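The block underneath contains the structure these notes are about, expressed in structure tokens.
Along the sequence shown, residues are numbered consecutively beginning with 1. In this text, all values refer to a predicted model and were calculated from it rather than measured experimentally. Only this structure's heavy atoms are used, side chains among them; waters, hydrogens and symmetry mates stay out.
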Amino acid sequence: MTWFFNLIIGLGTLIVGLLAFSDEIASKISYAKGLRSLFFKVPILILGSFMIIIGTILKDNESDDRQEEGKNAYVEKLDEMEKNYRNELKVSDSLNNKKIQESIDSSYQKSMKASNEALAKYNLTLI
């Protein structure tokens, strides 16, 4: 849509530019004597200025919308990256917890085995 806004701005500028030379145009072309009239110049100047202002405002708004969309996309990407990072941390923590639990279970089993072997060696029985 930027091309449309540029077209509006360009046409408004062309109108204002032609208005600046309206006296020269009226002096060269005999049937264009009405171009010297203020009743013609003022509305045309307002129309050209209005086109330039509206085109500029709409172009700026479109630019702001694009920046907002880009910012939102960036925030969504950051949120997704954070979510992936949190998931990786959960998996890592889960694996670490499993390793620790296996180590504790293994140590407990070794301790029980050694205790049973010591009791068997001395023929002690627990009552």
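To the nearest 0.5 Å, atom CG of residue L47 and atom CD1 of residue I15 are 4.5 Å apart. Between the CG atom of L95 and the NZ atom of K99 there is a distance of 6.5 Å, given to the nearest 0.5 Å. Atom NZ of K59 is separated from atom CD of E62 by 9.0 Å, given to the nearest 0.5 angstrom. Summarising the geometry, atom OG1 belonging to T56 is positioned 9.5 Å from atom CG belonging to N6; distances are rounded to the nearest 0.5 Å. With rounding to the nearest 0.5 angstrom, the CG atom of L78 is 6.0 Å from the CE atom of M81. Here the CD atom belonging to E82 is positioned 10.5 Å from the CG atom belonging to L89, to the nearest 0.5 angstrom.
In this structure, I57 is not a member of the same hydrophobic cluster as L7, with clusters built from ILVMFWY side-chain heavy atoms closer than 4.5 Å. In the hydrophobic cluster analysis, where Ile, Leu, Val, Met, Phe, Trp and Tyr join through side-chain heavy atoms closer than 4.5 angstrom, M51 is grouped apart from I53.
Each of I46, I52, L45 was checked for a side-chain contact (heavy atoms from CB on, under 4.5 Å) with S49, and the lone residue meeting it is L45.
Partners of E76 according to the side chain to side chain donor-acceptor pair (under 3.5 Å) rule, which considers only residues two or more places apart in sequence or in another chain, do not exist here.
Cluster note: I9 groups with no other residue, as no ILVMFWY side-chain heavy atom lies under 4.5 Å from it.
The shortest side-chain heavy-atom distance between N87 and V91 does not fall under the 4.5 Å cut-off.
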